[in-house]
Amino acid sequence: MGETTVVDDYGRLLRRGVVEIIVEEELIKLLESGRKLRLKQGFDPSRPDIHLGHVVGLRKLRQFQELGHQLILIVGDWTAQIGDPSGESATRPMLSAEAVRANAETYMKQFFKVVDREKTKVVWQSEWFGKFTLADVITLTSKFTVAQMLQRDDFAKRYASGRPIAITEFLYPLLQAYDSVVIEADVEFGGTDQKFNCLVGRELQQMVGQPPQQVFLMPLLVGTDGKQKMSKSLENYIAVDEPPSEMYGKVMSIPDDLMMDYFELLTDVDDDMLTDYRRMISDGSKNPMEIKKRLAREIVAEFHDEKAAVEAEAHFERVVQKRETPEEIAEIAFSFASPTSGPNAKLVVFPFSVGWGPGYLGPGDSISGLPRVISRVDIPGILLAKSLVKSRTEAKRLIAQGAVTIDSRAIHESEEGVHEGSVIKVGKRRFVKIVHAD
RNA sequence: GGCGGGGUGGGUGAGUGGUUAAUACCAGCAGACUGUAAAUCUGCCGCCGAGAGGCUUCGUAGGUUCGAAUCCUACCCCCGCCA
């Protein structure tokens, strides 16, 4: 009965969003002991940006902190130089001390959006690896074998398929394990892909006579593409410091299948509610879109606030669902008094500032006085100037495909007329507004 | 150290002297459709140019040739086998 109650007490902590705990009974004992546990979390200062994939683990850390435990954040200024052994780019430049410090600051600013700063101690790997000698390296490496390293799934796969594995990559798990020894970690957290590294930590700790850390493995969050794990290099990520409407839009763009995972891993919406949602989706009693909107609001509110979430939703409904113009858009200024000598004059093909051309009136423009117009401007040039396209060629392709509109009218030429307040739209989401500089 | 295989556009991967800005697939972008997403259909998918056309690209640097991703030389990198 004792055991069951404990699991009940820690249910949210030990069950929700957790794949595996090694070793669960030991961890429960530790939790019951009342001791303040030392939680380990490392970060790679060459990649200072935190996205929702990382947040899954950070939320779990916070839950532990809420129970009074102590987080030790390790700035991996040494392992960063080895590189994350994902097989991508093997060579990475050594970061200057200055760059590492700057990245650490960037990281922590985002990190503490989720984690409690008061219960976090920050340490740097260089505090111990800075003093490491070759003798230390040999001692450390001699404790493990190549066969052990090849147990790791991604090493094994790469070895089997003939892709390169740098010897330093074997060092990565060893250094990470050594970190656990130095800080005497009680619990290490990671995604399921960290299992091997964390287990090496257990082994090394036991070798030096420490109690082995418990390993807490969480699912890898699937990215916005709905296929691969969220990662920056795959460009399927949602960063924690994205502006509200970007964040909201990206959440809405995830496949429906992913919604419930996101709810479970990234929000505090309780399990009963999630069960209801699952039912409503499967029996079709509620539009999945509505549920996804709730998800998007929850997530935006977590990293910004309620107000931002509401605004982001309004923006989404307006721009994406109703395909209207957003309230705030990029602007480009022309002088209507002297188009060919004002700002952006080089984008003016033919000024002709009297009257207006057919169809160039926007709603509400014609009440008193006529809007001032420029007969022809270089549309690709404008789009390029505002970084709405990558090249003129791309802009022209988009125009040819009818993806570019001026005041809701599709255009088919590169040179078109505009007036004050004209809105040029590219695709669904890219806008620029013509304003006057006079 | 020896022998062999290989480096092609974001990814996988065809292409062994001209018809190749370079097959195909994936990813991406746009249009149609739509309940967000997806699915489906259509188009696009190096850069410059209104266009004709031009320019740059197949690891790097040279060379052969009227003409090279394709041949030659050197170099760099990766993989395998043998030692």
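No hydrogens, no waters, no symmetry mates; every other heavy atom, side chains included, goes into these values.
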Gap in Å between the two [atom1] atoms, one belonging to [N] and one to [M], rounded:
N	M	atom1	answer
rU23(B)	rC58(B)	C1'	14 Å
rG67(B)	rU19(B)	P	15 Å
rG4(B)	rU56(B)	C1'	35 Å
rG17(B)	rG2(B)	C1'	33 Å
rA61(B)	rU42(B)	C1'	45 Å
rC76(B)	rG11(B)	P	25 Å

Exercise. Report the nucleotide, chosen from rU36(B), rA37(B), rA30(B), that has the shortest atom-to-atom distance to any side-chain atom of M252(A).
Key: rU36(B)
Quiz item: When you measure from the side chain of F316(A), which nucleotide among rG35(B), rU36(B), rA37(B) comes out closest?
Solution: rU36(B)
Quiz prompt | salt_bridge(E324(A), K425(A)) N-O dist < 4.0 Å | solution = no
Quiz item: Between R294(A) and E290(A), is the closest basic N to carboxylate O distance under 4.0 Å?
Solution: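 R294(A) and E290(A): not salt-bridged.
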Exercise. Sort out the partner of rU12(B) for me: Watson-Crick or G-U wobble, both distances under 3.5 Å, none otherwise.
Key: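 rU12(B) is paired, partner rA24(B).
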Exercise. Return the nucleotide paired to rG67(B): Watson-Crick means purine N1 to pyrimidine N3 with N6-O4 or O6-N4, wobble means G-U with N1-O2 and O6-N3, both under 3.5 Å.
Key: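 When the pairing criteria are applied, nothing turns out to pair with rG67(B), so the answer is none.
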Exercise. Mark up nucleotides 43-51 of chain B, 5' to 3', with B wherever a protein heavy atom is under 4.0 angstrom from a base atom, S wherever such an atom reaches only the sugar-phosphate, and - elsewhere.
Key: BSS-SBBSS
Self-check item: Contact list for residues 390-405 of chain A, test salt bridge (Lys or Arg N to Asp or Glu O under 4.0 Å), sequence neighbours left out
Solution: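 Sorted pair list: D378(A)-R392(A).
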Exercise. With K293(A) as the cation and Y248(A) as the aromatic partner, state whether NZ or CZ is under 6.0 Å from the six-membered ring centre and within 45° of the axis.
Key: no
Self-check item: Spacing of CZ belonging to R278(A) relative to CE belonging to M273(A), to within rounding of 0.5 Å
Solution: 13.0 Å
Practice problem: Quick one: label P255(A) by what it contacts on the DNA or RNA (base, sugar-phosphate, nothing), any heavy atom closer than 4.0 Å. | Solution: sugar-phosphate
Quiz prompt | S253(A) or K428(A), whichever maps to the more 5' nucleotide of RNA chain B | solution =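 The residue closer to the strand's 5' end, by nearest nucleotide, is K428(A).
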Quiz item: Does D256(A) get its side chain close enough to the base of rU36(B), under 3.5 Å, for a donor-acceptor pair?
Solution: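 Answer is yes: a donor-acceptor pair is held.
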